[in-house]
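I have placed the structure first, in the form of structure tokens, so that the comments after it can refer back to it.
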Amino acid sequence: MIEQLRKDFPLLHTQVDEQTLCYFDSAATTQKPQSVIDAVNKFYQQENANVHRGAHTLSAAATTQYEAVRTKLADFLNVAAKEVVWTKGATDSLNLIAYGLSDKLNKEDIILISPLEHHANIVPWQQAAHRTGARIETLPISPQGILDLEASKQLIKTLQPKILSVCHASNALGNIHDVASLIDIASRCGTITVVDGAQSFLHLRPDLTALGCDFFVFSAHKALGPTGVGGLFGRYELLNDMPVYQTGGEMIERVSFSGTTFRDAPGKFEPGTPNISGVIGFGAALDYLNAIDDSALAHYEQCLYRYLVDALSDIGGVKIWGDIKQNIGVVSFTYKDEHHFDIATFLNTYGVAVRSGHHCTQPLMEHLSLSGTVRVSLAFYNSYQDIDTFIDALKDTIDMLEE
Amino acid sequence: MIEQLRKDFPLLHTQVDEQTLCYFDSAATTQKPQSVIDAVNKFYQQENANVHRGAHTLSAAATTQYEAVRTKLADFLNVAAKEVVWTKGATDSLNLIAYGLSDKLNKEDIILISPLEHHANIVPWQQAAHRTGARIETLPISPQGILDLEASKQLIKTLQPKILSVCHASNALGNIHDVASLIDIASRCGTITVVDGAQSFLHLRPDLTALGCDFFVFSAHKALGPTGVGGLFGRYELLNDMPVYQTGGEMIERVSFSGTTFRDAPGKFEPGTPNISGVIGFGAALDYLNAIDDSALAHYEQCLYRYLVDALSDIGGVKIWGDIKQNIGVVSFTYKDEHHFDIATFLNTYGVAVRSGHHCTQPLMEHLSLSGTVRVSLAFYNSYQDIDTFIDALKDTIDMLEE
Amino acid sequence: MDITQIQNRLNSLSGWQAKYREIMMLGKKLPALPEALKTPDALVQGCESNVWLHLDLDENQERLVLIADSDTRIVKGLLAIILATYNNLLPHEAKEVDAYELFEEMGLIKHLSPSRGNGVKAIIERIKAQVNAFQ
Amino acid sequence: MDITQIQNRLNSLSGWQAKYREIMMLGKKLPALPEALKTPDALVQGCESNVWLHLDLDENQERLVLIADSDTRIVKGLLAIILATYNNLLPHEAKEVDAYELFEEMGLIKHLSPSRGNGVKAIIERIKAQVNAFQ
Ligand SMILES: Cc1ncc(COP(=O)(O)O)c(C=O)c1O
Ligand SMILES: Cc1ncc(COP(=O)(O)O)c(C=O)c1O
């Protein structure tokens with residue numbers, strides 16, 4: 001199956017610096033299947049027009065396609081289409097939500113996040129806290145970087161936060177969080193729950209109704225889709241209740257110099273010309289995901305991950321950080337005191353593309369007393385051969401460093 | 001020349017409802033040359049990676065390409081690369097600026113705009129006014145919808161506004177504004193000047209140093225580029241002085257729970273993964289524009305426009321709105337009391353794609369006492385034949401309405 | 001023309017020019033609503049152009065009477081089709097009718113712009129809601 | 001090795017594996033900076049990893065003396081190349097040298113990630129600024 005799927009991703013077959021590419025940076029952005037590339041291509045060649053309020057055929061067709069993807073996404077996430085807002089990406093989504101919920105915050109209130117969050121799920125809340133006087137608190141994690149679930153539940157009960165915002169899976173370490181059980185407790189405290197699904201969208205395909213969260217954010221480019229588009233889910237009542245964020249065309253009901261009125265959600269949050277080709281390309285990505293057996297795929301990803309963890313664990317001096325039991329397929333490691341950048345640079349000369357650094361999670365790195373890690377992030381289109389190549393390259397690199 | 005250029009735009013050669021398409025909706029979004037489509041395609045097939053801080057070759061190459069387009073754009077606009085911020089589009093840019101300048105506003109201050117503005121250059125200022133207590137005033141225009149330049153200059157001197165924000169060209173009527181002369185007066189009053197270049201970018205290729213504005217905004221999709229990307233220019237001192245807007249990864253210097261510091265502009269305004277393929281596609285659009293003789297093109301567009309205006313003026317009952325002397329090639333018209341939507345719908349059955357409605361300029365329509373117009377917007381890829389087809393279709397439509 | 005005649009006529013025409021022309025002609029035959037009846041509560045929300053609709057029972061309090069108008073000719077034509085569908089029905093008969101489906105069958109929904117299609121839907125929803133209120 | 005020897009050696013190696021290995025080896029030969037000298041004002045701004053640099057004149061107040069360190073081996077190797085370029089020059093000689101161009105000639109800039117390339121640029125800019133201050 002995987003050999004067949006790999007053929008759908010043209011980039012996996014390119015040569016980089018005369019080496020066959022082993023792409024292990026899917027947590028930063030995934031590669032795209034040909035069908036997604038074709039959909040974008042076809043849009044510009046045959047269907048390109050601006051959406052909404054156009055009387056001509058191309059514009060009507062583009063609008064229909066664009067809105068159909070909203071419905072497709074809503075089905076994928078098991079929510080209603082009107083609860084889905086298109087944005088520029090997960091960062092844009094989190095900014096919109098943190099701004100939109102600020103009205104509900106005052107200086108008695110607590111925003112609870114985890115120390116594992118991506119900067120995109122920290123800084124917008126810091127800004128909201130700054131505006132409103134609310135306080136940010138963090139959930140407890142182990143020295144290894146694993147969320148302490150029981151203590152977290154306890155803390156939620158004790159603090160009764162106004163907002164709980166956590167990632168479904170950590171981009172730096174790959175840890176999967178049992179967000180459903182946190183949300184369960186939080187909801188009973190009247191807490192508004194936000195899930196950063198940037199990393200879980202592809203690997204865990206969450207059912208948001210089952211999760212029970214109030215908000216959920218993601219980026220298309222991390223789930224086989226184009227860059228420059230993402231979205232958010234918001235429980236309709238809460239969503240529609242938020243004040244408008246960005247303003248301009250499309251999102252208004254009526255503009256006049258004496259006063260302006262806005263549309264209902266999701267319209268009110270979508271001013272201006274959207275990323276039409278991006279949404280349509282993402283529609284093709286959802287079709288692609290819907291067409292493959294996701295349990296088989298998840299199983300394969302887990303086998304690949306085990307294989308990688310086992311091989312790495314056999315190398316003396318390598319330390320793997322985070323939770324290796326519940327993981328979306330991301331390995332973050334260090335080798336002795338060697339600098340992550342040196343390791344990544346040498347690996348790159350073997351065609352092995354990994355990421356090194358703080359992965360936009362500086363507070364987590366500080367907690368782990370690290371300047372950064374080397375991160376190997378898998379997707380279903382990786383092969384066992386890729387991992388063998390990586391392990392060989394890493395051994396060579398270590399030999400060189402130890403010379 | 002034009003026959004040759006038309007070949008570069010695949011969509012112009014598609015059939016819509018079994019009719020040859022006459023695309024007259026370029027003010028809403030332009031069609032894309034094959035080279036732009038190819039650049040996006042090539043990026044996803046051979047170059048796709050996330051930008052910034054990546055040690056691997058693909059990521060480094062994507063970053064280099066992405067930043068090279070910033071420089072290319074800066075050259076195109078005759079400004080410095082660090083004065084260019086990538087955004088989602090003109091609407092996003094205007095929101096960023098209106099938010100960023102709010103700190104400078106108080107309830108004594110005036111924001112001066114024109115009644116011809118697109119909602120994107122009205123509502124964000126209304127929001128800023130709402131936050132700060134500042135007042136919005138408008139420049140004088142004629143009953144026909146033409147800015148009164150002399151009275152406008154006078155008004156600037158009288159009001160001494162804190163901010164002046166006007167469009168370089170009107171999307172609803174096509175009027176070109178002599179923004180340079182307004183800016184000249186405004187600058188001497190210490191006014192911060194913002195130019196909405198969404199419509200002028202392609203047709204007028206403004207030299208921002210010559211214009212002398214403090215800020216300038218545009219959308220790539222209205223200038224041969226992909227959807228979901230745009231930008232702004234800001235005079236560096238003013239730009240860097242603005243507070244951060246959206247927050248997240250990339251735009252930070254250091255994040256910690258005790259406090260976060262931000263990068264300098266343009267970095268501080270670009271959180272999260274940008275629309276990488278969009279920027280790279282837009283780079284190809286700039287290459288395309290740079291490769292053609294723009295004065296010949298501008299001349300052709302003007303001839304086309306004259307031909308259209310002359311033909312329309314010959315039809316009894318047709319009224320053309322706005323300035324037909326200084327115009328980027330947009331004709332907004334009404335026919336007697338007929339509804340714009342009926343006319344546009346009939347034209348569409350002839351393959352003629354026009355826009356009808358208020359064009360996101362409700363205050364202007366109110367001023368003109370219209371519910372909307374039919375808008376024919378030209379680009380250099382339109383032909384005389386397109387216009388003949390339109391005129392014939394319009395005559396048939398009128399016959400039908402008069403039956 | 002009753003709704004079957006309208007349907008047959010529209011289906012017999014080839015090309016959207018002819019169809020829209022016919023729709024417009026249907027609108028022309030619909031009498032204009034007196035200005036006094038163009039009240040805010042008669043305005044149907046969710047349409048791009050103005051649509052006014054009144055629905056009531058006849059003097060015997062039996063059958064549906066609909067009158068409607070729009071400022072665009074084509075929408076007025078679409079209203080004529082909707083009125084031909086519902087006028088003179090008994091409320092329980094009207095409940096069985098799905099005018100939207102009828103529009104879809106004629107291929108009109110696919111060809112209308114999505115916002116126009118939503119407008120048609122809004123009109124039909126309003127009729128349905130009022131019909132339900134009668135019972 | 002002086003800078004010409006380094007250049008020849010790097011150019012003679014084929015493949016980036018060998019080149020980076022060589023760069024790292026150059027770094028290994030550079031003595032570590034004592035912790036006491038890793039002061040905040042010695043830190044070069046604009047580098048992704050930590051780079052400390054001291055530049056001074058020798059005891060005769062004539063020729064340049066540079067010492068530097070980094071927490072990454074490869075950057076330390078790049079520093080070794082920069083130091084080999086500038087060390088022992090007279091200030092007016094140093095003004096004629098463009099180490100960045102040298103890196104470009106060796107194809108290193110093209111291969112470094114852009115942020116790394118900017119780091120190299122920042123180091124060289126700092127040296128140039130200090131050299132200018134000597135005159
Ligand atoms: C003059 C003007 N300003 C702003 C905009 C908003 O551009 P966008 O929808 O690409 O954000 C438009 C586009 O319609 C425009 O014509
Ligand atoms: C967990 C997490 N949240 C948020 C983001 C931000 O996503 P984007 O950069 O696409 O806005 C990322 C991407 O790195 C992520 O991994």
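These numbers come from the heavy atoms of this one structure, side chains and all, not from hydrogens, waters or symmetry mates. All chains are named by letter (A, B, ...) in the order of the sequence lines, taking the proteins before the strands, and each is independently numbered beginning at 1.
Using modelled atom types, no side-chain atom of Ser277(A) and backbone atom of Thr227(B) make a donor-acceptor pair closer than 3.5 Å. Under a 3.5 Å cut-off, the side chain of Thr14(A) and the backbone N or O of Gln46(B) do not form any donor-acceptor pair. The backbone N or O of Ser256(B) lies less than 3.5 Å from a partner atom in the side chain of Gln126(A), making a donor-acceptor pair. Using a distance-only test at 3.5 Å, with no hydrogens or angles considered, a donor-acceptor pair links the side chain of Asn48(B) to the main chain of Thr30(A).
Residue contact with chain B, scored on non-hydrogen atoms closer than 4.5 Å, involves the backbone and the side chain of Gln246(A) alike. Interface remark: His359(A) contributes no atoms to any contact with chain B (heavy atom separation under 4.5 Å). Using a 4.5 Å cut-off between heavy atoms, Leu94(A) does not touch chain B at all. Interface residue Gln31(A): backbone and side-chain heavy atoms are both found under 4.5 Å from chain B. For His130(A), no part sits under 4.5 Å from any heavy atom of chain B, backbone or side chain. Contact annotation for Ile113(B): only side-chain heavy atoms (C-beta onward) come within less than 4.5 Å of a heavy atom of chain A. Only the backbone of Pro274(A) comes within contact range of chain B, judged by heavy atoms closer than 4.5 Å. Contacts between Leu96(A) and chain B at a heavy-atom distance below 4.5 Å are absent for every atom of the residue. With a 4.5 Å cut-off on non-hydrogen atoms, Val279(A) does not touch chain B at all. Using a 4.5 Å cut-off between heavy atoms, Phe24(A) does not touch chain B at all. The contact between Pro271(B) and chain A is made by backbone and side chain atoms together, counting heavy-atom distances below 4.5 Å. For His52(B), the part sitting under 4.5 Å from any heavy atom of chain A is the backbone (N, CA, C, O) and nothing else. Contacts between Val255(A) and chain B at a heavy-atom distance below 4.5 Å involve backbone atoms as well as side-chain atoms. Of the two parts of Asn95(B), only the side chain, counted from C-beta on, holds a non-hydrogen atom closer than 4.5 Å to a non-hydrogen atom of chain A.
The shortest heavy-atom contact between Ala49(A) and Tyr23(B) is CA-OH, 4.5 Å. Scanning both residues, Phe257(B) and Ser114(A), for their nearest heavy atoms gives CZ-O, 4.3 Å. What you find for Gln362(A) and Glu253(B) is that their closest heavy atoms are NE2-O, 3.8 Å. For the residue pair Val123(A) and Phe262(B), the shortest heavy atom distance occurs at CG1-CE2, 3.8 Å. The shortest heavy-atom contact between His56(A) and Ala353(B) is CG-CB, 3.5 Å. Residue Ser59(B) comes nearest to Arg355(A) through the heavy atom pair OG-NH2, 3.4 Å, listed as atom of the first residue, atom of the second, then distance.
His221(B) contributes atom NE2, which lies 9.5 Å from atom OH of Tyr44(A) (distance to the nearest 0.5 angstrom). Note that OG1 of Thr260(A) and CD1 of Ile122(B) are 7.5 Å apart. Values are rounded to the nearest 0.5 Å. Atom CZ in Arg254(B) sits 5.0 Å away from atom CD in Glu366(A) (nearest 0.5 Å).
When each of Gly272(A), Ser356(A), Gly357(A) is checked for heavy-atom pairs under 4.5 Å with chain B, Gly272(A) comes out on top. Of all the listed residues (Leu58(A), Thr345(A), Ile136(A)), the one sharing the greatest number of non-hydrogen pairs under 4.5 Å with chain B is Leu58(A). Heavy-atom pairs under 4.5 Å with chain B were tallied for Gly351(A), Pro363(A), Cys360(A), Pro115(A); the largest tally goes to Pro363(A). Of the residues considered (Asp25(A), Asp92(A), Val16(A)), Asp92(A) shows the highest number of contacts with chain B, using heavy-atom pairs under 4.5 Å. Counting heavy-atom pairs closer than 4.5 Å to chain B, the top residue among Ala61(A), Gly228(A), Gly278(A) is Gly228(A).
The side-chain heavy atoms of Lys32(A) and Phe43(B), taken from C-beta on, include no pair separated by under 4.5 Å. Put simply, the side chain of Thr273(A) does not reach to within 4.5 Å of the side chain of Thr29(B), judged on heavy atoms.
Under the side-chain contact (heavy atoms from CB on, under 4.5 Å) criterion, Gln34(B) pairs with Gln45(A), Pro10(B), Ile37(B), Asp38(B), sequence neighbours left out. Considering only residues two or more places apart in sequence or on other chains, Glu137(B) meets the salt bridge (Lys or Arg N to Asp or Glu O under 4.0 Å) condition with Arg135(B).
The number of heavy atoms from other shown groups lying within 6.0 Å of CD (Gln15(A)) is above 12.
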